[in-house]
Amino acid sequence: MNAVEIEEAISALAELPFDGGEFPFAFLQAFGNKDATIKRLRAGASNSSDLGGVLQRNHIHIAVCVPGAATAALAALKVSPATTKAKARFILATDGVAFEAEDLDTGETVACTYADFPNHFGFFLPLAGITTVKQVRESSFDIRATGRLNRLYVELLKDNPDWGAADRRPDMNHFMARLIFCFFAESTDIFFGDDLFTATVAQMGAKDSSNTHEVIGTLFRAMNTKIEDRAAANIPRWADAFPYVNGGLFSGSMDVPRFSRIARSYLIHIGGLDWKKINPDIFGSMIQAVAEDEERGALGMHYTSVPNILKVLNPLFLDDLRARLDEAGDNPRMLLNLRKRMSRIRVFDPACGSGNFLVIAYKQMREIEATINSRRGEPDRRSEIPLTNFRGIELRSFPAEIARLALIIAEYQCDVLYRGQKEALRDFLPLDAENWITCDNALRLDWLSVCPPTGTGVKHQADDLFHTPLDQAQIDFVNEGGETYICGNPPYYGSRKQTKHQKDDLLQLCGKRIPKWKSLDYVAGWFLKGKDYIERQPATFAFVCTSSNCEGLQVSVLWKEILQGGIHITFAYRPFKWANLATNNAGVTVNIVGVSNLVSRSDRKIFDGGQVRSVNNISPYLLSTSNIFVDTSPKPLSQLSPMITGSMPRDGGHLILSFDEAAELTHAHPHAADFIRPYVGTDELIKGNQRQCLWIEDDQLSVATTVPYIANRLEKVRLMRTESPLDSTQEFADRPHRFVYLAGQSRSHTIGVGGVSSESREYLPVALFDKRAVLSNLAYALYDAPVFSIALIASRLHLVWIATVCGKLETRYRYSNTLGWNTFPVPTLTEKNKADLTRCVEDILLAREAHFPATIADLYDPDNMPPDLREAHERNDEVLERIYIGRRFRNDTERLEKLFELYTKMTAEAGVGKKRKVSAA
DNA sequence: CATCCGACAAAGA
DNA sequence: TCTTTGTCGGATG
């Protein structure tokens, strides 16, 4: 169950008459417990309460008590030994009138009336396994409103199927935005009278809902018509109570979808909520899923938490504004200048979604402005920060509508907060600002037309015919001489996960100027657009992006193009895990990169795990080195043996045998052993699992297929390959006994290197295999290579290199032959060097042997590494590092610097010409 | 032919 | 349920 479903269930429970015996079970059910779980609790089997209540292990202890005893009951729960023993996180006591609860982990408490407890359901969300940021837990209203609007939206689409078609969706979305505005307006004093809108719809509309759409249409028309013009426009008197709103919100098509009885009752119900409590940032990101048919089940998936948004906005410009504020102290002149400066700052989010970043930026700036005004003794002064300076581009029409609305609401709420209700109301209507959110494709649009250079009115141009740009986007900014800050969290799609249309977006953007552009993530498009923008209008942009945008292959592809002509990275957050509202958010690892071509400030900052470091330069790997791009190399640049990717079966698993399967087969058919070989991927290499594979040479085929089991397996491979959508797989359908990609064969021995390895290991996984072993495409192979190669791979130096220049899987090390091995700089080795290193390898292998049958995973567990193995590695590092610089390196930074220096020299000498150094200034 | 990657995915604790 | 840690094979060069 997601948060919205839980909210609905809890609200439904609270509306039922209170039944003390039933309440604990109903409560647990509402939080998504399975029927079987409830049954066991009911039967008492899993109920360990010592107070006659209901106690669910690790979760909650609930007691229903006699009237007036809730507080005492809660106290009893708290000291109950059973509560402690069962490690209950929550305790809850109610008598049906009062409701009290405590989160024993955090010490937070809830005390309210029983009827009111659904308003605190966010408090209990951990019960459903939903661990989420505080802001969301405390946003019961937003979750509730989202759920209700979601239901209304679905219901209306059911009643008006034509509104669901692509060409009517924008109308539908605009309609929803108007409704939300009305709900907000009637809950605040923007509309006079309590629930004016909902009440009018309820009273004027027929109970059978036949004319609901007409009533709403009339109200919308009224709000789009000045009071003095209403009589002429034939607007009935009962709509007079509604103010003139305008602001583009009520302009355009006045069509209203038809309402069924159910839809009408939903609408009236939603109107009953207290919309004052809306958080425009949180609500917006939750509500945007409503219009996406496929996302509706996962409300809140795209929530970007406020702390994460501030990770972008603070270093981008808010920190600086606050520093200036501190500097100004009470000096009226300096405060005035800062206020003037802020009034001309433009914030532009070219992937704005429902306007999260813009809303937060606006609120933060209003907070600073309020401090200025209060220090200057002008507390209720009207804000000089124009909403029109907060601009966005959003592809989907519903979020675009919501973004505009969210900003309007944020402005009103800021006015109430800083200037008071009266001042806020006086200035609110009619909405004078037009539209700052352009609904269009950000990668197809000239950003200068949406966010034009200071003082010029560039016309909006789009070459995408699917989206009609809105005229209002052409209005000028109030920002003469002002600064521009571009920010956002654009969508990510890996190079192979893009749709045709998305690929085309990148094609027109960089097809002509970037070799290998097809390897880029979709998010790279925003960085390129940002670069194109600041080249013409110097500025700074900062985006959240998938970590691979600054790793491995993509570094040289993307960043060589961006870091030109004085453009540099001004700040960066090293990769961190993104969090959303999903229960099991495996999520994604992201980083944040700020790019600028303004006169460089000396303080470039790298944020890494709560630490901040000021550095002189930030490389595209987001490290404080100079800008070096390591490109793939088809063969080793140093004197190293060739390393190849292991063989790829593309067999649907049918050529692979488990240890048992292989044993059974050879038991039944001893000669089948000829066709069975050990199969080694990363998992086998690290964990020592044993898998086998069928490996049949062409000339063995007829013999092999006499074994029915093998023939059967091969037939399955053939089928799987025939059904593959990929030509290169289909090609091999008639040769099912063969792996699709063969990595060659070894004559004496094979050195295998893991393709992925946990970042907690201090050395990369590498092992020696006999010649029969088949390395899978998830491992890399050195055939018949000198054993000292292992000394290099297993060294700290190599790990540092791989960690820096190769890709990652989330945060794990991901090996690559072309990117990591072939580029690894090694000084020329003498025969003595090689002999020394070989001895080191022997020591390492002997130390491993001594702990047989421990696997690499066991041996290289950083907390439990056997001392003799660790010593062997230390000696290996010692010998190798002496070859590089005549002593041990002090730290990884020094290792990397030396490696980069050698790499630069190597690529320059070899004339490979891959190296390009871009001025850091 | 030969990779590099995944708004991840499955196994393990 | 949360933590840990690497499958598999497609799209791309």
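Below, chain A is the first sequence line, B the second, and so on; all start at residue 1.
A/P490 comes within 4.0 angstrom of a nucleotide base, judged by non-hydrogen atoms across all strands. When heavy atoms are screened at a 4.0 angstrom cut-off, A/S548 is found touching the sugar-phosphate backbone but no base atom. Here A/L819 lies out of heavy-atom contact (under 4.0 Å) with every strand.
Salt bridge A/R89/A/D103: present, at least one basic N to carboxylate O contact under 4.0 Å.
Under the 6.0 Å cut-off for aromatic ring centres, A/Y813 and A/H798 do not qualify, their centroids lying 6.0 Å or more apart. A centroid separation of less than 6.0 Å is found between the aromatic rings of A/F739 and A/W695.
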Identify the pairs formed between an N or O of the protein and an N or O of nucleotides 11-13 of chain B at a distance under 3.5 Å, and give each distance.
none

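Rounding to whole angstrom units, CD of residue A/Q498 and C1' of B/dG6 are separated by 12 Å. Rounded to a whole Å, the NZ atom of A/K808 is 18 Å from the P atom of B/dA7. With rounding to whole Å, A/K577 atom NZ is found 11 Å from C/dT5 atom C1'. The distance from atom CG of A/N591 to atom C1' of B/dA7 is 13 Å, rounded to the nearest whole Å. One atom, CZ of A/F739, and another, P of B/dC1, lie 14 Å apart when rounded to the nearest Å. Put simply, CD on A/E810 is 14 Å from P on C/dT3, counting in whole angstrom units. Rounded to a whole Å, the CG atom of A/N689 is 10 Å from the P atom of C/dT7. Taking atom CD on A/Q56 and atom C1' on C/dT1, their separation rounds to 13 Å, with Å as the unit.
Residue A/Y741 places no side-chain N or O under 4.0 Å from the OP1 or OP2 atom of B/dC1. When the side-chain nitrogen and oxygen atoms of A/N817 are compared with OP1 and OP2 of B/dT3, one or more of them lie within a distance under 4.0 Å.
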| request: Let me have a per-nucleotide readout for nucleotides 8-13 of chain C, 5' to 3', with B, S or -, counting only protein heavy atoms under 4.0 Å. | output: BBBBSS
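Residues A/Y780 and A/V740 both approach DNA chain B. Their nearest nucleotides, taken by heavy-atom distance, put A/V740 toward the 5′ side. Nearest-nucleotide positions on DNA chain B for A/L742 and A/L809 put A/L742 closer to the 5' end.
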| field | Base-pairing string, 5' to 3', of DNA chain B - Watson-Crick or wobble, under 3.5 Å, | interstrand | value | ||||||.||||||
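Here the closest non-hydrogen pair linking A/W578 and A/N489 is CZ2-ND2, 3.4 Å.
Comparing the same atom, C1', in B/dT3 and in B/dA7 gives a spacing of 23 Å after rounding to whole Å. Here, B/dC4 and B/dC8 have their P atoms 23 Å apart, quoted to the whole Å.
Between atom CG of residue A/L809 and atom OG of residue A/S757 there is a gap of 11.0 Å, rounded to the nearest 0.5 Å.
Applying the side-chain contact (heavy atoms from CB on, under 4.5 Å) rule to A/R40 yields the partners A/S46; only residues at least two apart in sequence or on another chain are considered. Listed by chain and residue number, nothing satisfies the salt bridge (charged side-chain N to carboxylate O under 4.0 Å, His left out) test with A/K39 (two or more places apart in sequence, or in another chain). Remark: A/D504 pairs with A/K500 by the salt bridge (charged side-chain N to carboxylate O under 4.0 Å, His left out) rule, at least two apart or across chains.
Checking each of A/I309, A/I360, A/L358 against A/D281 for a side-chain contact (heavy atoms from CB on, under 4.5 Å) leaves exactly one that passes, namely A/I360. Of the residues A/F527, A/Y492, A/F357, A/Y573, the one that meets the ring-ring contact (aromatic ring centres under 6.0 Å, His included) test with A/F543 is A/F527.
Put simply, the side chain of A/H737 reaches to within 4.5 Å of the side chain of A/R735, judged on heavy atoms. When side chains are defined from C-beta on, A/F90 does not count as touching A/H59, because their heavy atoms never get closer than 4.5 Å.
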